[in-house]
Amino acid sequence: QIILWGRTEKCLKETTEEIRMMGTECHYFICDVGNREEVYQQAKARYLLSQAFFLQVGDITILVNNAAVVHGKSLMDSDDDALLKSQHINTLGQFWTTKAFLPRMLELQNGHIVCLNSVLALSAIPGAIDYCTSKASSFAFMESLTLGLLDCPGVNATTVLPFHTSTEMFQGMRIRFPSLFPPLKPETVARRTVEAVQMNQAFLLLPWTMHVLVILK
């Protein structure tokens with residue numbers, strides 16, 4: 001069973017229908033993960049729904065934090081509200097979702113926290129200062145959380161740090177050596193993420209050449 005959270009109902013509905021066509025039960029809720037009160041309220045409502053329709057929803061045992069925004073501007077060209085938005089969604093949103101669902105995972109001794117981060121958390125670029133900062137903060141959050149979970153049986157964490165992925169989010173992004181560093185396909189990132197979760201792999205850099213980039217830095 002899959003539960004989707006997001007701010008745009010149209011996208012949520014389309015994705016839910018696509019998942020259901022694959023034969024998997026799926027539900028969606030409108031929620032802005034950057035809004036702490038909204039996250040806690042939705043999480044509480046989900047548990048109430050779980051008690052009434054246990055076979056429909058059940059407990060959340062895998063939390064995937066994938067929400068992110070990018071504005072692609074320098075510091076002086078960035079709007080203050082846009083800067084705040086990226087930090088609230090890309091970084092603080094993980095605090096709220098994890099606090100909402102981790103306690104039950106610890107109680108069940110069964111759970112996994114997954115963060116779709118970015119290699120820019122480890123090697124920043126100019127022109128995306130809000131995104132790089134938020135992803136670096138997100139990485140520190142997951143690194144600390146992963147270490148904290150070492151003494152928690154049955155609960156693990158995985159942080160995925162992919163290179164440029166060919167999604168609408170990064171349309172127009174230019175790479176200096178595109179033949180040497182081609183963009184990743186979303187399907188590849190998804191498949192490798194699932195494999196990393198299944199193996200309880202703490203950190204995953206995609207592609208493997210990003211290890212060289214980090215070492216060189």
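Each residue takes its place number in the sequence, starting with 1.
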Going by the rule side chain to side chain donor-acceptor pair (under 3.5 Å), which residues pair with [X] if we only count those two or more places apart in sequence or in a different chain?
X: Gln201; result: none
X: Lys10; result: Glu14
X: Asp77; result: Ser74
X: Glu18; result: none

Roughly how far, to the nearest 0.5 Å, is the [atom2] atom of [Y] from the [atom1] atom of [X]?
X: Thr15; Y: Tyr28; atom1: OG1; atom2: OH; result: 10.5 Å
X: Ile19; Y: Cys26; atom1: CD1; atom2: SG; result: 4.0 Å
X: Ile215; Y: Met210; atom1: CD1; atom2: CE; result: 12.0 Å
X: Asn90; Y: Asn65; atom1: CG; atom2: CG; result: 11.0 Å
X: Trp5; Y: Asp32; atom1: CH2; atom2: CG; result: 11.0 Å
X: Leu102; Y: Ile60; atom1: CG; atom2: CD1; result: 13.0 Å

Suppose the criterion is side-chain hydrogen bond (donor to acceptor under 3.5 Å, both in side chains): which pairs have a residue in residues 143-153, not counting sequence neighbours?
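Applying side-chain hydrogen bond (donor to acceptor under 3.5 Å, both in side chains) to every pair that reaches into residues 143-153, excluding sequence neighbours, yields nothing.
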
Under the salt bridge (charged side-chain N to carboxylate O under 4.0 Å, His left out) definition, can you give me all pairs with a residue in residues 83-93, not counting sequence neighbours?
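Passing the test, one end in residues 83-93: no pairs.
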
Scan for salt bridge (charged side-chain N to carboxylate O under 4.0 Å, His left out) pairs involving residues 187-207, sequence neighbours excluded, and state none if there are none.
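Listed by first then second residue: Arg191-Glu195, Arg192-Glu195.
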
Test item: [X] side-chain N/O and [Y] main-chain N/O as donor-acceptor pair under 3.5 Å:
X: His71; Y: Ala82; result: yes
X: Thr24; Y: Arg20; result: no
X: Lys217; Y: Leu122; result: yes
X: Arg7; Y: Cys31; result: no

Same hydrophobic cluster for [X] and [Y], using side-chain heavy-atom links shorter than 4.5 Å among ILVMFWY?
X: Trp96; Y: Phe29; value: yes
X: Leu147; Y: Leu63; value: no
X: Val64; Y: Val160; value: yes
X: Val69; Y: Leu84; value: no
X: Val119; Y: Ile129; value: no

Sub-4.5 Å side-chain heavy-atom contact between [X] and [Y]:
X: Met142; Y: Gln94; answer: yes
X: Val214; Y: Ser123; answer: no
X: Val197; Y: Val114; answer: yes

Atom of Tyr131, atom of Ala68 and distance for their closest heavy-atom approach:
CE1-CB, 4.5 Å

What one should report as the nearest heavy-atom pair of Leu161 and Ser118 is CD2-O, 3.2 Å

Excluding sequence neighbours, so at least two apart, what forms ring pair (Phe, Tyr, Trp, His ring centres under 6.0 Å) with Phe95?
Phe141

Which residues share a ring pair (Phe, Tyr, Trp, His ring centres under 6.0 Å) with Phe139, sequence neighbours left out:
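If we apply the ring pair (Phe, Tyr, Trp, His ring centres under 6.0 Å) test to Phe139, skipping adjacent residues, the hits are Phe203.
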
Any chance you could pull the hydrophobic cluster mates of Met199, using side-chain heavy atoms under 4.5 angstrom and chaining through other members?
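Reading the cluster by chain and number, Met199 sits alone, since nothing else belongs.
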
Which residues, ordered by chain and number, are linked to Met21 in its hydrophobic cluster, where ILVMFWY side chains connect at heavy-atom gaps below 4.5 Å, directly or through other members?
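When side chains under 4.5 Å apart are linked, Met21 ends up in no cluster with other residues.
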
Residue from Asn117, Thr133, Thr91 passing side chain to side chain donor-acceptor pair (under 3.5 Å) with Ser138
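Of the listed options, the one satisfying the test is Asn117.
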
Which residue in the set Arg36, Lys44, Glu37 passes side-chain contact (heavy atoms from CB on, under 4.5 Å) when paired with Tyr40?
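Going through Arg36, Lys44, Glu37 one by one, the side-chain contact (heavy atoms from CB on, under 4.5 Å) with Tyr40 is satisfied by Arg36 alone.
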
Cut-off 3.5 Å, no hydrogens considered: what does the side-chain donor-acceptor table look like for residues 105-113, sequence neighbours left out?
unit_1, atom_1, unit_2, atom_2, d
Glu107, OE1, Arg104, NH1, 3.3
Glu107, OE2, Arg104, NH1, 2.9
His112, NE2, Thr158, OG1, 2.7

Let's go through Gln87 and Asp130 carefully: what are the C-alpha distance in whole Å and the side-chain angles of both, what is the deciding distance for side-chain contact (heavy atoms from CB on, under 4.5 Å) to 0.1 Å, and is it a yes or a no?
CA-CA 7 Å; Gln87 307 312 307; Asp130 63 319; 4.0 Å; yes

